[in-house]
Amino acid sequence: MDSFRIHGGRRLAGRIQIEGSKNATLPLMAAALCTDGDLVLKNVPCLSDISNMARLLRELGVEIDGDSGTMLMKVVDHNLVHCRYDIVKTMRASICVLGPMLARRRRAVIAMPGGCAFGSRPIDLHLRGMQALGAKIDFNGGDIIVTAPDGLKGTTIFLGGPFGSTVLGTANVMCAAALAKGRTIIESAACEPEVVDLANLLNKMGARIQGAGGPRLVIDGVESLGSATHTVIPDRIVAGTYAVAAAVTNGDVILEEFPYDGMLAVIDRFNEIGVHVELLEGADDPMHATVRVTSERLLKPTHITTQPHPGFPTDLQAQFMTLLCIAEGNSIITEKIYPERFMHVAELSRMGAQIYRQGPTCVVAGGTQLRGAPVMASDLRASASLVLAGLAAEGETNVSRIYHLDRGYTKMEEQLNILGARIERISESATSKDGAGTTANEALSAAES
Ligand code: EPU
């Protein structure tokens with residue numbers, strides 16, 4: 001497995017552009033299953049999760065041209081309905097083919113996704129949504145079999161769960177309802193910008209979806225959906241990660257294609273801490289802004305609670321924990337979406353961080369000078385937090401199992417090096433020579449998207 005060698009303590013400066021959103025792209029790609037027409041997606045990031053989704057869709061009869069940048073998709077076989085465990089276990093987001101397949105093919109057989117590095121990840125709300133639309137659910141041999149031989153019928157569905165709304169659950173029900181008979185109302189829908197992006201695409205394809213971005217969606221089913229061309233929104237988690245990179249190095253960084261409007265809770269926390277996110281361009285198009293990130297010399301502690309959008313995103317919790325390690329004073333972080341998502345805590349502690357965890361809450365005792373150490377990435381965002389810690393640390397940090405990072409950041413080391421970081425990617429062959437490599441099976445066992 002590749003690893004990063006990071007020479008810490010360098011101040012970042014310069015300008016980079018934020019890539020297209022992984023979590024928007026995955027359900028947008030799945031929407032290709034809803035139509036016989038052409039789907040063209042632009043601004044698709046170059047990530048292993050995207051190639052995995054492409055592999056899955058090919059197995060489901062979709063012809064795909066291009067793997068990043070511009071991607072052209074068209075269904076050539078509507079009879080294939082099996083989403084195999086081999087793929088689902090590499091990427092939990094595979095579940096987002098459920099709604100599109102059921103809507104168009106009236107049958108979906110999907111290997112039940114297991115847990116992931118940060119806890120159990122149920123799909124009960126997805127299934128409840130499909131059942132409410134009239135589907136029948138069976139289980140066999142580790143597969144979920146969802147059928148609707150007579151088609152789907154609109155209804156009113158409450159999609160809230162113990163941890164709030166569900167992003168991919170909302171995407172699934174929205175796709176299914178778009179082709180159901182009559183009107184569907186989804187109450188407690190996810191409000192994430194990625195859900196809005198999907199609604200925008202489906203509406204371009206001829207769907208009738210109102211209310212995206214709010215908790216109540218009204219969907220009037222249509223007979224069929226057609227072709228569309230769509231540009232993926234920029235990635236708010238990548239944007240937040242690079243903004244933290246600027247802050248932990250006391251840098252001065254300009255980020256283009258910064259989805260400012262989707263990041264207000266994050267910007268609010270940055271303000272509290274003493275990190276300035278100054279809007280340079282984009283007041284009229286705030287999902288595609290240009291910002292300058294600078295910070296005060298002494299950063300202040302704060303409290304962060306992760307919540308569904310528009311609250312503070314769980315996908316930036318680990319990165320902010322690194323930032324708060326170097327703020328002066330005690331900060332409190334509470335994880336309300338995935339109470340076990342703290343794999344980074346033990347690794348940050350290896351670098352000198354002082355973090356005390358009790359259940360879903362961590363107290364971060366700031367003011368620490370982090371020191372380089374060998375650390376191990378355990379999931380996508382935890383990996384990002386370790387790279388950020390490596391940038392802030394004195395000395396050299398080695399982050400192993402970087403394949404986690406490649407799922408969600410396009411060549412992160414190159415982006416950070418453009419800004420003046422010194423990060424080398426040590427390739428798999430080099431590490432396996434000294435026996436430090438990881439087997440492909442270990443790599444495949446860690447789906448978390
Ligand atoms: N939940 C249920 N039942 C369900 C579905 C979800 O109880 O049927 C719970 C989950 O266990 C969790 C909460 O509801 O506690 C929210 O989960 P959600 O369904 O919203 O997560 P998701 O749609 O599977 C997406 C992102 C995740 C991100 C979460 C939360 C994609 C591909 N993945 O997952 O992204 O953490 O929303 O915002 O969009 C990442 O990019 O690193 C990542 C993990």
Side-chain angles (χ1 to χ4, degrees), residues 19-30 45 47-50 52-53 56 88 90-99 110 112-132 137 144 157-174 188-198 215 232-233 235-241 262 265-266 306-319 335-341 343-344 360 377-385 404-409 446-449:
E19 65 200 77
S21 160
K22 163 182 84 81
N23 288 348
T25 305
L26 295 169
L28 293 175
M29 289 172 73
L47 302 169
S48 55
D49 270 13
I50 302 298
N52 279 329
M53 180 56 99
L56 171 61
V88 175
T90 64
M91 190 181 60
R92 288 189 50 88
S94 310
I95 191 68
C96 66
V97 299
L98 170 62
I110 302 188
M112 185 79 180
C116 77
F118 43 86
S120 89
R121 300 270 299 272
I123 54 160
D124 56 310
L125 298 171
H126 300 240
L127 299 182
R128 206 200 300 161
M130 296 305 142
Q131 260 170 331
I137 318 264
I144 320 158
I157 305 170
F158 178 75
L159 258 196
F163 300 97
S165 51
T166 161
V167 177
L168 291 179
T170 301
N172 263 329
V173 177
M174 195 159 77
S188 195
C191 305
E192 271 70 1
E194 296 76 20
V195 172
V196 177
D197 210 29
L198 176 62
V232 179
I233 53 169
D235 195 308
R236 63 198 167 98
I237 306 303
V238 171
T241 303
V266 176
T306 65
Q307 284 170 332
H309 193 77
F312 188 93
T314 171
D315 293 343
L316 280 172
Q317 178 256 109
Q319 299 90 317
E335 176 54 71
K336 287 242 173 143
I337 308 291
Y338 300 116
E340 297 298 324
R341 195 179 199 176
M343 303 287 281
H344 42 289
S378 55
D379 67 71
L380 168 55
R381 308 304 172 186
S383 320
S385 77
H404 288 293
L405 207 60
D406 294 334
R407 306 173 60 138
Y409 297 87
E448 80 257 0
S449 283

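For ligands, and for the atoms within them, numbers begin at 1 and follow the listed sequence.
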Verify, without hydrogens or angle tests, whether [X] (side chain) and [Y] (backbone) share a donor-acceptor contact under 3.5 angstrom.
X: Glu335; Y: Tyr338; answer: yes
X: Asn52; Y: Met91; answer: no
X: Gln307; Y: Phe312; answer: no

(message) Could you tell me if the side chain of Arg381 sits less than 4.5 Å from the side chain of Thr314, heavy atoms only?
(response) no

With heavy-atom distances below 4.0 Å as the criterion, list the atoms of ligand 1 near [X].
X: Thr314; value: 30 (C), 36 (O), 38 (O)
X: Ala93; value: 32 (C)
X: Leu380; value: 42 (O)
X: Arg121; value: 24 (O), 34 (O)

Quick check: [X] and ligand 1, any N/O pair under 3.5 Å apart?
X: Leu168; value: yes
X: Gly169; value: no
X: Asp315; value: yes
X: Ile337; value: yes
X: Val167; value: yes
X: Thr166; value: yes

(request) Inspect the contact between Arg341 and Asp315 and indicate whether a charged nitrogen and a carboxylate oxygen are less than 4.0 angstrom apart. (result) yes

(message) Tell me the closest heavy-atom pair linking Arg92 and Pro113, and the distance in Å.
(response) NH1-CB, 3.5 Å

(request) Give the minimum heavy-atom separation between Leu405 and Ala384, together with the two atoms involved. (result) CD1-N, 3.6 Å

(request) List in chain and number order the residues that pass salt bridge (charged side-chain N to carboxylate O under 4.0 Å, His left out) with Glu194, two or more places apart in sequence or in another chain; answer none if no residue qualifies. (result) Arg236

(message) Once you restrict to heavy atoms under 4.0 Å, what part of Pro27 touches ligand 1? Side chain, backbone, both or neither.
(response)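 It is neither; nothing of Pro27 touches ligand 1.
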
Within the structure, is a non-hydrogen atom of [X] found at a distance of less than 4.0 Å from ligand 1?
X: Arg341; answer: yes
X: Glu194; answer: no
X: Ala171; answer: no
X: Lys22; answer: yes

(message) Measuring from atom 7 (O) of ligand 1, which candidate in Gly161, Ala190, Pro122 has the nearest non-hydrogen atom?
(response) Pro122

(request) Enter the distance from Ile110:CD1 to His126:NE2 here, rounded to the nearest 0.5 Å. (result) 10.0 Å

(request) Ignoring hydrogens and angles, state whether a donor on the side chain of Gln319 or Ser385 is under 3.5 Å from an acceptor on the partner side chain. (result) no

